[in-house]
**Student:** 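This structure is in structure tokens; I'll ask about it shortly.
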Amino acid sequence: MSARVFRRGVIVLILASVSPSLSVVTSPDGGIPSPAAPLAAQTPEQRYRDWTRLEFRAQEYAYRRARILDGLRASGGGLLLTPSSDGLTHGETFRQLEDFWYLTGLEVVHSMLVLDAGRDRSILFMPRRDPRFDNRGRPNDFPGRPLLDDYQLRSIAGIDEYRDIDEFDDFLRLQVRGGATLRVNAGSTGEITPPAVPLIGSLDPTASLILRLGTDHPNAEIVNAFDVVARLRMIKTPAEIDHMRVAADATMAGIQSAAWRIRPGVDERTLQGEFENTCRTFGSQALPFTPIIKSGPNSLWPWRVLAAHYDRRNRRMEDGDLVIFDVGCEVDGYISDVGRTFPVNGTFTDIQREKLLVSTRAADAIIAAIRPGVTLGELTAVAYEAIPDEEEPHMQTGSFFGHHIGLSAGDPALMDEPLAPGMVFTVEPWYYNHDIGVAVFVEDVILVTEDGAEVLTATLPRSPEELEALMR
């Protein structure tokens with residue numbers, strides 16, 4: 001073992017030969033190697049299949065694309081443009097944009113999926129190489145990865161046609177010149193309007209695409225495809241439901257584990273850490289949102305208010321408080337979103353118990369009314385029938401006391417669409433009473449079945465007595 005020490009100012013750098021088979025290349029003056037110097041041992045070029053796989057069988061993605069194409073034809077045809085993520089990161093693990101992931105299963109970047117309803121064809125425009133794997137200054141750490149020319153990648157994806165992303169602008173120009181309608185999922189219902197560039201902040205990927213299309217092709221017809229996409233994504237396949245069961249199990253285990261840590265003097269962040277740790281042990285790669293764990297006066301405020309400051313969400317719990325969990329885990333891309341309320345000292349007061357029952361009874365009424373053919377609006381009416389008149393001002397909701405979930409906690413949904421088997425959504429009649437300083441929250445994940453509903457989170461205690469027993 002030999003070493004050479006270079007001194008420059010106060011910095012000391014030691015270069016040591018760690019293997020007789022690996023030589024260190026130096027510059028002519030004996031200094032540090034230049035970035036362009038050849039390496040004695042070069043890391044081999046990486047391949048997509050060495051790093052990842054499709055989460056579902058290729059046939060599942062083909063089925064989804066076919067159903068989207070059917071929906072496009074039924075609503076006027078055109079080309080659906082679905083962008084991938086740009087792949088930029090500030091340290092977080094990559095996660096693909098949902099529609100692109102849903103329709104391809106691929107984690108490629110700087111790409112565009114085109115579904116052509118007129119030709120019944122899928123086209124994937126993507127880079128020849130993955131820019132994340134290239135760095136000329138560090139070739140051994142960034143050995144490169146082909147994308148467009150990787151025929152193994154093409155074989156697993158099952159797309160009809162593959163083209164260079166550099167050809168996309170010319171392709172689109174020809175399509176627009178031929179009168180093609182451009183379809184984009186705008187994220188909500190209604191006509192597409194050109195987005196305004198904000199003075200502060202940035203546009204999301206869909207808004208950026210819409211702005212670019214309007215600028216480059218001012219005469220093109222740009223139509224919202226949200227309804228087509230939502231109608232398909234609302235119905236989960238058996239494979240998707242299996243993933244969501246796993247995510248629900250992980251979330252329930254996380255809540256149970258954290259509940260055992262609840263006691264006066266413990267802070268909210270300690271409970272958050274226990275929850276997250278348990279989710280990870282159940283295979284969770286990520287969290288769909290920062291866990292909302294709020295106690296005492298904090299429990300009365302929505303998460304946006306609590307998250308308004310850097311170190312706001314870490315109150316130390318006190319005897320007599322309630323602590324609310326509104327949390328979820330993500331496993332293999334699919335998420336869960338579950339809520340429970342616990343007494344910090346292990347026992348609900350009479351008034352706390354009474355208000356918790358207001359929430360759970362409303363939830364029970366909603367769940368009992370769920371079946372194919374019912375609308376979310378009808379479920380809202382059922383909920384208000386179950387809520388005492390004097391409590392209605394404290395049961396705040398903008399929809400039906402819940403939301404669709406799947407790849408995110410806000411999966412696309414059509415509020416007037418009748419329920420159908422395979423839909424998965426939450427039921428969460430939350431209660432905030434600032435007059436008496438009591439807030440309670442119960443949230444469960446519901447799967448619509450052929451003849452009713454299955455509560456995917458049914459094994460997690462929710463009555464006052466069960467919650468107290470769980471803490472013990």
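In what follows, every heavy atom counts, from backbone to side chain, and hydrogens, waters and symmetry copies are set aside. Residues take their numbers from the sequence shown, with the count starting at 1.
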**Student:** Answer yes or no: is there a donor N or O on one side and an acceptor on the other, between the side chain of Tyr48 and the main chain of Gln152, under 3.5 Å?
**Tutor:**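 Flag not set: sc Tyr48 to bb Gln152 has no pair under 3.5 Å.
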**Student:** Parallel, tilted or perpendicular for Trp430 and Phe441, by the 30°/60° rule?
**Tutor:**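 Rings of Trp430 and Phe441: tilted, 30 to 60°.
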**Student:** Can you tell me if Thr251 uses its side chain to pair, donor with acceptor, with the backbone of Ala247 under 3.5 Å?
**Tutor:**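 At least one qualifying donor-acceptor pair exists.
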**Student:** If I take atom OH from residue Tyr384 and atom CD from residue Glu391, how far apart are they, to the nearest 0.5 angstrom?
**Tutor:**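 Going from OH on Tyr384 over to CD on Glu391, the span is 12.5 Å.
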**Student:** Would you say Asn224's side chain and Gly190's backbone share a donor-acceptor pair under 3.5 angstrom?
**Tutor:**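 Side chain of Asn224 to backbone of Gly190, a donor-acceptor pair under 3.5 Å: yes, one is there.
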**Student:** At their closest point, which heavy atom of Val109 faces which heavy atom of Phe94, and how far apart are they?
**Tutor:**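 Result for this residue pair: CG1-CE1, 3.7 Å.
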**Student:** Please check this pair: side chain of Thr426 against backbone of Gly402, looking for a donor-acceptor N/O pair closer than 3.5 Å.
**Tutor:**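 No, Thr426 side chain to Gly402 backbone: no donor-acceptor pair under 3.5 Å.
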**Student:** If you apply the rule side chain to side chain contact (heavy atoms under 4.5 Å, CB included), what do you find for Val197 with Leu211, and how did you get there?
**Tutor:** CA-CA 9 Å; Val197 178; Leu211 182 62; 3.7 Å; yes
**Student:** How long is the gap from CD1 on Ile405 to CD1 on Ile335, to the nearest 0.5 Å?
**Tutor:**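 Ile405 CD1 to Ile335 CD1: 4.5 Å, rounded to 0.5 Å.
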**Student:** So which atom in Ala220 and which in Val176 form the shortest heavy-atom distance, rounded to 0.1 Å?
**Tutor:**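 That closest heavy-atom pairing would be CB-CG1, 3.8 Å.
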**Student:** Using side chain to side chain contact (heavy atoms under 4.5 Å, CB included), reason through Leu147 and Arg128 one step at a time and then give a plain yes or no.
**Tutor:** CA-CA 5 Å; Leu147 292 179; Arg128 291 197 171 278; over 6 Å; no
**Student:** Would you indicate whether Arg361, at its atom CZ, is surrounded by more than 12 heavy atoms from other residues, nucleotides or ligands within a distance under 6.0 Å?
**Tutor:**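 Incorrect, the count does not exceed 12.
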**Student:** Evaluate the criterion side chain to side chain contact (heavy atoms under 4.5 Å, CB included) for residue pair Leu124 and Arg163; output intermediate values, then yes/no.
**Tutor:** CA-CA 6 Å; Leu124 179 56; Arg163 298 179 64 172; over 6 Å; no
**Student:** Applying side-chain contact (heavy atoms from CB on, under 4.5 Å) between Ile68 and each of Asp99, Thr82, Leu103, report the one that passes.
**Tutor:**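 When Asp99, Thr82, Leu103 are each tested with Ile68, the side-chain contact (heavy atoms from CB on, under 4.5 Å) holds only for Leu103.
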**Student:** If you count the non-hydrogen atoms of other residues, nucleotides and ligands that lie under 6.0 Å from OH in Tyr63, is the total more than 12?
**Tutor:**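 No - once you tally the heavy atoms of other residues, nucleotides and ligands closer than 6.0 Å, there are 12 at most.
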**Student:** Which pair of non-hydrogen atoms, one from Ser336 and one from Ala248, has the smallest distance, and what is that distance?
**Tutor:**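 Answer, listing the atom of Ser336 first, then Ala248: OG-CA, 3.5 Å.
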**Student:** Quick one, Ser111 and Pro127 - any side-chain contact, counting heavy atoms below 4.5 Å?
**Tutor:**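 Yes - at least one pair of side-chain heavy atoms lies under 4.5 Å apart.
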**Student:** Salt bridge or not between Asp160 and Arg65? Use side-chain N to carboxylate O under 4.0 Å.
**Tutor:**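 Arg65 and Asp160: not salt-bridged.
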**Student:** Students often mix this up, so state it plainly: with edges at 30° and 60°, are the rings of His243 and Phe56 parallel, tilted or perpendicular?
**Tutor:**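 His243 vs Phe56 ring planes: tilted.
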**Student:** Between the side chains of Glu45 and Arg129, is the shortest nitrogen-to-carboxylate-oxygen separation below 4.0 Å, so that they form an ion pair?
**Tutor:**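 Judged by the 4.0 Å cut-off on N to carboxylate O distance, Arg129 and Glu45 do form a salt bridge.
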**Student:** Does any N or O in the side chain of Lys294 come within less than 3.5 Å of the main-chain N or O of Trp301, such that one atom is a donor and the other an acceptor?
**Tutor:**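 Present.
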**Student:** State whether a side-chain donor-acceptor pair under 3.5 Å links Glu240 with Tyr334.
**Tutor:**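 Yes.
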**Student:** Is the shortest heavy-atom distance from the side chain of Phe325 to the side chain of Val338 under 4.5 Å?
**Tutor:**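 In short, these two side chains do not touch, never coming nearer than 4.5 Å.
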**Student:** Heavy-atom count check: over 12 atoms from other residues, nucleotides or ligands less than 6.0 Å from Glu385 CD?
**Tutor:**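 12 or below, so no.
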**Student:** Taking atom types as modelled, find out whether Arg183 and Ser75 have a side-chain donor-acceptor pair closer than 3.5 angstrom.
**Tutor:**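 Side chains of Arg183 and Ser75: pair found under 3.5 Å.
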**Student:** Could you tell me whether the side chain of Arg233 reaches within less than 4.5 Å of the side chain of Leu407, counting heavy atoms only?
**Tutor:**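 Leu407 vs Arg233: side chains touch.
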**Student:** So does Pro44 get a backbone contact from the side chain of Gln46, meaning a donor-acceptor N/O pair under 3.5 Å?
**Tutor:**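 It does hold such a pair.
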**Student:** Would you name the heavy atoms of Pro143 and Thr43 that are closest together and state the gap between them?
**Tutor:**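 For Pro143 and Thr43, the tightest heavy-atom pair comes out as CB-O, 3.6 Å.
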**Student:** Once you round to the nearest 0.5 Å, how far does CG of Leu174 lie from CG of Asp169?
**Tutor:**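 Answer rounded to 0.5 Å: 11.0 Å.
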**Student:** Closer than 4.0 angstrom, basic N to acidic O: yes or no for Asp364 and Arg462?
**Tutor:**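 Salt bridge: yes.
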**Student:** Other residues, nucleotides and ligands only: do more than 12 of their heavy atoms fall within 6.0 Å of CZ on Arg47?
**Tutor:**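 More than 12 within 6.0 Å, yes.
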**Student:** Mind checking what makes side-chain contact (heavy atoms from CB on, under 4.5 Å) contact with Glu276, not counting sequence neighbours?
**Tutor:**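 Glu276 satisfies side-chain contact (heavy atoms from CB on, under 4.5 Å) with Gln272, Leu287, Pro291 once adjacent residues are dropped.
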**Student:** Taking the side chain as C-beta and beyond, is there a heavy-atom pair between Arg245 and Ile241 under 4.5 Å?
**Tutor:**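 A side-chain contact under 4.5 Å exists here.
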**Student:** Inspect the surroundings of CD in Glu167 and state if more than 12 heavy atoms from other residues, nucleotides or ligands are less than 6.0 Å away.
**Tutor:**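 Enclosed.
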**Student:** Give a yes or no on whether the backbone of Ser85 and the side-chain of Arg95 come within a donor-acceptor separation of less than 3.5 Å.
**Tutor:**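 Side chain of Arg95 to backbone of Ser85, a donor-acceptor pair under 3.5 Å: no, none is there.
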**Student:** If you look only at pairs with a residue in residues 68-84, which of them pass as a salt bridge (Lys or Arg N to Asp or Glu O under 4.0 Å), with sequence neighbours excluded?
**Tutor:**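 Matches after skipping sequence neighbours: Arg67-Asp70, Asp70-Arg73, Arg73-Asp120.
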**Student:** Is a donor on one side and an acceptor on the other found under 3.5 Å between the side chain of Thr281 and the backbone of Thr278?
**Tutor:**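 Indeed, once roles are kept as given, a pair shorter than 3.5 Å links the two residues.
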**Student:** Where do Met395 and Val358 land on the side chain to side chain contact (heavy atoms under 4.5 Å, CB included) test, with the steps shown first?
**Tutor:** CA-CA 9 Å; Met395 303 292 289; Val358 170; 4.2 Å; yes
**Student:** Can any side-chain N or O of Ser122 pair as donor or acceptor with the backbone N or O of Ile159 at less than 3.5 Å?
**Tutor:**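 Not a single qualifying donor-acceptor pair exists.
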**Student:** Between Glu454 and Thr449, do the side chains contain an N or O donor and an N or O acceptor separated by less than 3.5 Å?
**Tutor:**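 Thr449 and Glu454 do not have a side-chain donor-acceptor pair below 3.5 Å.
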**Student:** Quick one: do the Asp267 and Thr270 side chains pair a donor with an acceptor below 3.5 Å?
**Tutor:**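 Yes.
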**Student:** Report yes or no: does His403 contribute a side-chain atom to a donor-acceptor pair with the main-chain N or O of Ala409 at less than 3.5 Å?
**Tutor:**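 Side chain of His403 to backbone of Ala409: a pair is present.
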**Student:** Are Phe125 and Phe171 an aromatic pair, judged by ring center distance below 6.0 Å?
**Tutor:**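 Aromatic pair counts; centres sit under 6.0 Å.
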**Student:** Just one of Leu414, Val184, Ile192 clears the side-chain contact (heavy atoms from CB on, under 4.5 Å) bar with Phe226, so which one?
**Tutor:**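 Answer after filtering Leu414, Val184, Ile192: Leu414.
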**Student:** How far does OH of Tyr431 sit from CD1 of Ile324, to the nearest 0.5 angstrom?
**Tutor:**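 The CD1 atom of Ile324 is 12.0 Å from OH of Tyr431, to the nearest 0.5 Å.
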**Student:** What's the shortest heavy-atom distance between Leu72 and Val228, and which atoms?
**Tutor:**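 For Leu72 and Val228, the tightest heavy-atom pair comes out as N-CG1, 4.0 Å.
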**Student:** Taking the side chain as every heavy atom from C-beta outward, state whether Ile156 and Arg53 have any pair of such atoms under 4.5 Å apart.
**Tutor:**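 Answer no - side chains too far apart.
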**Student:** Taking C-beta and beyond as the side chain, do Pro372 and Val448 meet within less than 4.5 Å on heavy atoms?
**Tutor:**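 Heavy-atom side-chain distance check passes, below 4.5 Å.
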**Student:** Does a sphere of radius 6.0 Å around CG in Asp416 hold more than 12 heavy atoms from other residues, nucleotides or ligands, not counting ones at 6.0 Å or beyond?
**Tutor:**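 No - once you tally the heavy atoms of other residues, nucleotides and ligands closer than 6.0 Å, there are 12 at most.
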**Student:** Let me confirm one number: the CG-OH distance from Leu106 to Tyr61, rounded to the nearest 0.5 Å.
**Tutor:**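 Reported value, rounded in 0.5 Å steps: 8.0 Å.
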**Student:** Within a radius of less than 6.0 Å around CD of Glu221, do more than 12 heavy atoms belonging to other residues, nucleotides or ligands occur?
**Tutor:**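 No.
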**Student:** Say you draw a straight line from CH2 of Trp303 to CG of Asp326; how long is it, rounded to the nearest 0.5 Å?
**Tutor:**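 So the gap between those two atoms works out to 10.5 Å.
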**Student:** List the atom of Phe275, the atom of Cys329, and the distance in Å for their closest heavy-atom pair.
**Tutor:**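 That would be CZ-SG, 3.9 Å.
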**Student:** Going by distance alone, is a donor N or O of one side chain under 3.5 Å from an acceptor N or O of the other, for Thr93 and Gln285?
**Tutor:**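 No - no donor-acceptor pair under 3.5 Å links their side chains.
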**Student:** If you define the side chain from C-beta out and look only at heavy atoms, does anything of Leu81 sit under 4.5 Å from Phe168?
**Tutor:**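 Yes, their side chains come closer than 4.5 Å.
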**Student:** Answer yes or no: is there an ion pair linking Arg313 with Glu268, defined by an N-O contact shorter than 4.0 Å?
**Tutor:**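 Glu268 and Arg313: not salt-bridged.
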**Student:** Do other residues, nucleotides or ligands put more than 12 heavy atoms under 6.0 Å from the CD atom of Glu450?
**Tutor:**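 No, because the 6.0 Å sphere around CD of Glu450 holds 12 heavy atoms or fewer from other groups.
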